[in-house]
Amino acid sequence: MEKRSVFTNKLLPYALLAPQLAVTLVFFYWPASQAVWTSFMLEDAFGTSSEFVGFENYVHLFQQPDYYAAMGTTLVFSSAVTVLSMGLALLLAVMADKQIRGGTIYRTLLIWPYAVAPAVAGVLWLFMFQPSLGMLGRGLQSMGVPWNPLLNGEHAMILVVLAATWKQISYNFLFFLAGLQSIPKSLIEAAAIDGARPTRRFWTIVFPLLSPTTFFLLVVNVVYVFFDTFGIIDAITRGGPAKATETLVYKVYQDGRLGGDLGGSAAQSVVLMVIVIALTAIQFRYVERKVTY
């Protein structure tokens with residue numbers, strides 16, 4: 001006869017969930033509801049007076065050409081960072097999964113960059129690629145490359161993409177490596193005995209088995225690019241030059257904190273939240289179909 005343990009205390013599960021629920025309500029749902037309410041208000045720069053204006057902030061927002069330019073910048077930036085960070089992380093994970101001397105040291109060094117704060121990562125890359133003082137920036141100019149991210153918008157975009165990619169590679173590498181180590185070696189060995197080359201083994205066996213990890217990282221990376229790259233952009237370019245690197249999340253800060261348009265900034269944050277939720281829903285609706293669990 002099978003024995004089953006019975007949990008008689010009905011209050012303890014709720015007590016254990018209460019701290020996390022409190023954190024979620026106080027730090028997530030409450031600020032989100034405040035942002036939605038503020039988006040319908042017209043407030044002065046000091047927040048001392050406010051007036052209900054309905055959807056006026058949203059109408060004014062979608063009449064601004066700068067907002068659509070920020071959408072385009074965000075699309076380019078997010079696509080480049082997501083593809084590069086996931087692609088390079090997968091390549092490094094495949095290489096680190098092999099039996100090599102000092103493999104543990106390599107894995108540890110590859111994980112370390114994730115502990116660096118986004119603003120610190122931005123400052124490090126700015127120091128390296130600063131056109132007059134940076135080692136790599138001066139090296140590029142000595143080779144005849146007119147490198148200047150302070151004045152050239154394309155160079156600034158390349159720099160923030162590289163910094164954001166470097167910051168996220170460690171996170172993706174950690175999950176890809178865990179996914180690779182969970183794949184049974186017998187499957188790969190059987191394919192090798194059948195004559196399948198390493199490239200064919202990867203695309204027909206390894207990568208399909210990594211699809212749940214890849215899908216999870218795709219969702220996480222999209223959220224990362226839309227929100228967590230604010231510190232990198234603020235430290236390196238502050239949205240410049242000429243708003244060439246002004247993404248949607250930085251425009252919320254630029255218009256609200258620096259421009260004093262609290263209602264318009266709140267409307268932008270609500271639109272940004274809706275965009276991210278819609279992208280996540282699309283990924284779960286269409287991309288997840290190709291995931292093999």
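Residues Met95 and Val206 do not share a hydrophobic cluster, clusters being chains of Ile/Leu/Val/Met/Phe/Trp/Tyr side chains in contact below 4.5 Å. No continuous path of hydrophobic side-chain contacts links Leu279 to Val83 [ILVMFWY only; heavy atoms under 4.5 Å]. Cluster membership check: Ile158 shares its hydrophobic cluster with Val161, using side-chain heavy-atom separations under 4.5 Å among Ile, Leu, Val, Met, Phe, Trp and Tyr. Linking Ile, Leu, Val, Met, Phe, Trp and Tyr whenever their side-chain heavy atoms come within less than 4.5 Å leaves Phe52 and Leu42 in two separate clusters. Under the 4.5 Å side-chain heavy-atom criterion for ILVMFWY residues, a single connected hydrophobic cluster contains both Leu84 and Leu159.
Nearest heavy-atom pair across Pro19 and Ala15 is CD-O, 3.2 Å. Shown here for Ala235 and Ala119, the closest heavy-atom pair between the two residues is CB-O, 3.6 Å. For the residue pair Met41 and Ser50, the shortest heavy atom distance occurs at CE-OG, 3.6 Å. Among all heavy-atom pairs drawn from Leu90 and Phe207, the shortest one is CD2-CE1, 3.9 Å. Closest non-hydrogen pair, Pro241 versus Ala156, comes out as CD-CB, 3.5 Å. Of all the heavy atoms in Ala35 and Ala266, the pair that sits closest is O-CB, 3.5 Å.
The closest side-chain heavy-atom distance from Pro118 to Ile232 is below 4.5 Å. Using a 4.5 Å heavy-atom threshold, the side chains of Asn57 and Gln268 count as separate. Residues Leu162 and Trp166 have side chains not in contact (no heavy-atom distance under 4.5 Å, counting atoms from C-beta outward). Between Leu174 and Leu110 there is no side-chain heavy-atom pair separated by less than 4.5 Å. Using a 4.5 Å heavy-atom threshold, the side chains of Arg200 and Pro198 count as separate. The shortest distance between side-chain heavy atoms of Leu140 and Leu136 does not fall below 4.5 Å. With contacts defined as side-chain heavy-atom distances shorter than 4.5 Å, the pair Trp147/Asn152 does not qualify. Between Val222 and Gln283 there is a side-chain heavy-atom pair separated by less than 4.5 Å.
A donor-acceptor pair is defined here as one N or O able to donate and one able to accept, closer than 3.5 Å; such a pair exists between the side chain of Thr74 and the backbone of Leu248. In this structure a side-chain-to-backbone donor-acceptor pair under 3.5 Å is missing from Gln64 to Asp66. Using a distance-only test at 3.5 Å, with no hydrogens or angles considered, a donor-acceptor pair links the side chain of Ser78 to the main chain of Leu75. Put simply, the side chain of His155 gets close to the backbone of Asn148: a donor and an acceptor are under 3.5 Å apart. Between the side chain of Trp125 and the backbone N or O of Ile236, no donor-acceptor pair lies under 3.5 Å. With hydrogens and angles ignored, the 3.5 Å screen pairs no side-chain donor or acceptor of Lys251 with any backbone N or O of Tyr67. Although no hydrogens or angles enter the test, the distance criterion places a donor-acceptor pair under 3.5 Å between the side chain of Thr245 and the main chain of Gly240. Under a 3.5 Å cut-off, the side chain of Gln168 and the backbone N or O of Ala164 do not form any donor-acceptor pair. Judged purely by atom type and a 3.5 angstrom limit, Asn221 uses its side chain to pair as donor or acceptor with the backbone of Leu217. No donor-acceptor pair closer than 3.5 Å links the side chain of Ser265 to the backbone N or O of Leu262.
Note that OH of Tyr253 is 15.5 Å distant from OG of Ser269, once rounded to the nearest 0.5 Å. Note: Lys167 NZ to Asp228 CG = 8.0 Å, rounded to the nearest 0.5 Å. Within the model, atoms OG1 of Thr229 and CZ of Phe77 stand 4.0 Å from one another, a figure rounded to the nearest 0.5 Å. In this structure, Ser85 OG and Asn172 CG are separated by 4.5 Å, a value rounded to the nearest 0.5 Å. Here the OG1 atom belonging to Thr247 is positioned 9.0 Å from the OH atom belonging to Tyr250, to the nearest 0.5 angstrom. Atom CG of Leu61 is separated from atom CD of Glu56 by 12.5 Å, given to the nearest 0.5 angstrom.
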Apply side chain to side chain contact (heavy atoms under 4.5 Å, CB included) to residues Val145 and Gln141 and explain how you reach the verdict.
CA-CA 5 Å; Val145 179; Gln141 291 192 346; over 6 Å; no
Side chain to side chain contact (heavy atoms under 4.5 Å, CB included) assessment of Val249 paired with Phe226:
CA-CA 7 Å; Val249 67; Phe226 272 82; over 6 Å; no
Between Tyr224 and Val81, is a side chain to side chain contact (heavy atoms under 4.5 Å, CB included) present by the stated rule, with each step listed?
CA-CA 10 Å; Tyr224 160 77; Val81 172; 4.1 Å; yes
Which is it for Phe176 and Met86 under the side chain to side chain contact (heavy atoms under 4.5 Å, CB included) test, yes or no, and what are the steps along the way?
CA-CA 9 Å; Phe176 275 132; Met86 293 185 64; 4.2 Å; yes
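Within the structure, salt bridge (Lys or Arg N to Asp or Glu O under 4.0 Å) pairs that include any residue of residues 71-88 do not occur (at least two apart or interchain).
Within a 6.0 Å sphere centred on CZ of Phe127, other residues, nucleotides and ligands contribute 12 heavy atoms or fewer. A 6.0 Å sphere centred on CD1 of Ile105 holds no more than 12 heavy atoms belonging to other residues, nucleotides or ligands. Other residues, nucleotides and ligands place no more than 12 heavy atoms under 6.0 Å from the CZ atom of Arg238.
For Gln181, the side-chain contact (heavy atoms from CB on, under 4.5 Å) partners at least two apart in sequence or on another chain are Asp97, Arg107, Leu177.
Checked against the 6.0 Å centroid threshold, Phe62 and Tyr58 do not count as a close aromatic pair. You'll find the ring centres of Phe173 and Tyr114 outside the 6.0 Å limit.
If you chain together ILVMFWY residues whose side-chain heavy atoms come under 4.5 Å of each other, Leu150 ends up in a group of its own.
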